[in-house]
Protein chains: 2
Amino acid sequence: MSGSRARTRQAIVEAAIDLLGRNPAASLGDIAAAAEVGRTTLHRYFTDRADLLRAVSAEASARLERATAQARMADGTGASAVRRLCQEYFDLGTVLSIIFNESLLSADQGWSGAGGCDPAFVAMVERGHRDGTIDPELPVDWVQSLIWSQLYAGWAYRAETGASRHDVLRLVLRTVDGAIAPRPA
Amino acid sequence: MSGSRARTRQAIVEAAIDLLGRNPAASLGDIAAAAEVGRTTLHRYFTDRADLLRAVSAEASARLERATAQARMADGTGASAVRRLCQEYFDLGTVLSIIFNESLLSADQGWSGAGGCDPAFVAMVERGHRDGTIDPELPVDWVQSLIWSQLYAGWAYRAETGASRHDVLRLVLRTVDGAIAPRPA
DNA sequence: CTTGATTGGAACATCGATGTTCCATTCCGG
DNA sequence: CCGGAATGGAACATCGATGTTCCAATCAAG
């Protein structure tokens with residue numbers, strides 16, 4: 001039945017996001033095991049490893065886009081929008097790693113990772129430059145790189161230290177705020 | 001002759017640091033090619049892949065230690081010492097990735113990556129907490145994670161944008177300074 | 001020049017990951 | 001209950017990375 005197929009497929013994609021986020025070289029066998037399906041079943045849904053990767057990438061992009069929309073980058077001061085964006089991205093977890101690694105391989109998406117293309121993001125940071133809430137010395141690209149690296153660092157920090165979600169989010173926001181703040185000097 | 005052997009060995013280790021830093025799954029064949037030696041020769045110097053990894057790890061640790069000593073973490077204010085440390089680490093390049101990935105696998109070294117053990121580092125940050133140059137709300141572990149992530153981000157940023165060493169170092173230092181500065185509020 | 005050291009290449013066996021095929025079992029709606 | 005859909009496991013072929021062996025070519029010092 002079609003409902004069952006959809007559920008199985010989703011379970012595989014989710015297991016793949018989890019494992020591939022931690023280790024991009026995870027084997028299909030491990031992914032199948034994590035999804036609690038046979039390796040045969042996995043191949044029944046995704047002919048190739050590449051096929052699975054495409055599905056994972058699509059799911060990750062969808063989640064990223066949802067979080068992005070949620071952040072309303074066009075509202076408020078530049079810095080407050082950056083803060084909201086960090087909050088929304090924070091819970092993406094291993095999806096961040098997926099997007100991050102993916103951007104190094106296929107420069108297909110109009111977004112993220114590499115050349116910092118997303119016009120809404122550029123607009124947000126440049127607005128911050130003008131309204132005095134983001135250090136004008138920091139290029140847009142750099143701010144993007146800063147956000148990604150801090151979100152990743154926060155995720156890793158949490159995994160290492162076992163700190164609470166709330167505490168780590170607090171640290172990330174405080175750090176990013178301080179980093180992008182214009183200098184008094 | 002012994003001089004030749006040492007030179008060949010060093011060339012292999014250096015090529016390995018370069019390739020493995022970019023891609024931890026690089027094949028021995030690629031590494032041999034990058035070192036401009038035959039794969040046979042590589043195996044003559046390092047029986048295992050594990051054997052080569054040990055040598056790479058040792059070399060990376062040595063370079064890291066040299067840079068650490070150079071930074072004189074005990075001198076000056078906490079923040080100024082952090083700044084010096086970033087400067088010294090900045091040129092380590094792919095060595096940073098090696099150390100970073102390594103720390104996730106083998107928690108043997110008394111240093112770096114994971115639990116932030118190095119007593120000199122702890123002393124430096126706590127000094128900064130006391131002398132008012134480092135935000136006391138940021139745990140020592142977090143400052144360490146911040147430094148690593150920014151150095152890595154800086155390296156990646158440079159590779160992506162082609163910005164000059166000097167400009168990227170400037171961005172890294174400015175960002176870390178701002179991030180660890182105590183908040184006026 | 002001669003000799004031992006060093007190297008590169010070819011061939012081979014092994015191993016794990018991958019992808020495919022086939023069959024038995026289980027699940028679920030009609 | 002029945003029949004098709006969905007699943008899991010076993011077996012097999014393939015492929016790339018790895019590690020080993022052997023031999024010919026080259027280098028470098030005496």
Side-chain angles (χ1 to χ4, degrees), chain A residues 1-60 94 97-98 100-102 104-106 108, chain B residues 1-60 94 97-98 100-102 104-106 108:
Chain A
M1 73 131 60
S2 140
S4 168
R5 283 194 67 82
R7 238 176 305 122
T8 301
R9 193 190 141 95
Q10 193 57 24
I12 294 173
V13 170
E14 242 146 79
I17 285 183
D18 192 50
L19 289 205
L20 293 175
R22 302 177 200 283
N23 169 24
S27 79
L28 297 183
D30 290 345
I31 293 173
E36 293 178 300
V37 301
R39 196 165 64 88
T40 307
T41 301
L42 189 151
H43 276 104
R44 209 169 272 126
Y45 285 82
F46 305 96
T47 64
D48 270 335
R49 167 176 259 266
D51 194 18
L52 175 58
L53 291 185
R54 267 191 299 278
V56 164
S57 168
E59 172 68 18
T94 59
S97 308
I98 303 279
F100 195 76
N101 294 338
E102 171 194 340
L104 301 178
L105 302 177
S106 63
D108 50 356
Chain B
M1 74 130 63
S2 142
S4 168
R5 282 194 69 81
R7 239 176 305 123
T8 303
R9 192 191 141 95
Q10 194 57 23
I12 294 172
V13 170
E14 242 145 81
I17 286 183
D18 192 51
L19 289 206
L20 293 175
R22 303 178 200 281
N23 168 25
S27 79
L28 297 183
D30 290 346
I31 293 173
E36 294 180 300
V37 302
R39 197 165 64 87
T40 307
T41 301
L42 189 151
H43 277 102
R44 209 170 273 127
Y45 285 82
F46 305 96
T47 64
D48 272 332
R49 168 176 257 267
D51 194 19
L52 175 58
L53 291 185
R54 267 191 299 278
V56 164
S57 167
E59 173 67 19
T94 58
S97 308
I98 303 280
F100 196 75
N101 294 338
E102 172 193 340
L104 302 178
L105 303 177
S106 63
D108 50 357

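Every chain is numbered from 1 and lettered A, B, ... according to where its sequence line falls, protein lines coming before strand lines.
In this entry the distance linking CZ of A/Arg7 with P of C/dC27 reads 13 Å, nearest Å. Rounded to whole angstrom, the span from the CZ atom of B/Arg9 across to the P atom of C/dT6 amounts to 14 Å. Rounded to an integer number of Å, the gap from A/Phe46 CZ to C/dG19 P is 13 Å. If you take CD1 of A/Ile12 and C1' of D/dG8, they are 12 Å apart, rounded to a whole angstrom. To the nearest angstrom, P of D/dC15 lies 18 Å from CZ of A/Arg49. The NE2-C1' distance, from A/His43 to C/dC22, rounds to 16 Å in whole Å.
Side-chain atoms of A/Thr8 come within 3.5 Å of backbone N or O of A/Ser4 as a donor-acceptor pair.
In terms of heavy atoms, B/Leu20 sits closest to B/Ala26 at CD2-CB, 4.1 Å. The two residues B/Leu52 and B/Ile31 have their closest heavy-atom pair at CD2-CD1, 4.1 Å.
Qualifying salt bridge (charged side-chain N to carboxylate O under 4.0 Å, His left out) partners for A/Asp30, counting only residues two or more places apart in sequence or in other chains: none. Listed by chain and residue number, B/Arg54 satisfy the salt bridge (charged side-chain N to carboxylate O under 4.0 Å, His left out) test with B/Asp51 (two or more places apart in sequence, or in another chain). Every residue was checked against the salt bridge (charged side-chain N to carboxylate O under 4.0 Å, His left out) condition with A/Arg44, not counting sequence neighbours, and none meets it. With sequence neighbours excluded, the residues forming a side-chain contact (heavy atoms from CB on, under 4.5 Å) with A/Ala60 are A/Val95, A/Ile98, A/Ile99, listed by chain and number.
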Going 5' to 3' through nucleotides 7-12 of chain C and flagging B where a protein heavy-atom sits under 4.0 Å of the base, S where only the sugar-phosphate is that close, and - otherwise, we get BBBB--
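For residues 12-27 of chain A, every residue pair satisfying the salt bridge (charged side-chain N to carboxylate O under 4.0 Å, His left out) rule, not counting sequence neighbours, is listed here: A/Glu14-A/Arg63, A/Asp18-A/Arg22.
Near DNA chain D, defined here as any heavy-atom distance below 4.0 Å, the residues from residues 25-33 of chain B are B/Ser27, B/Leu28, listed numerically.
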Would you tabulate the side-chain donor-acceptor contacts of residues 32-40 of chain B under 3.5 Å, counting partners in other chains and residues two or more places apart, or write 'none'?
none

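B/Arg49 CZ: more than 12 foreign heavy atoms inside a 6.0 Å radius.
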Its dot-bracket string being built from Watson-Crick and G-U pairs below 3.5 Å, with | for another strand and [ ] for crossing, DNA chain C has the pattern ||||||||||||||||||||||||||||||
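The closest side-chain heavy-atom distance from B/Val13 to B/Tyr45 is not below 4.5 Å.
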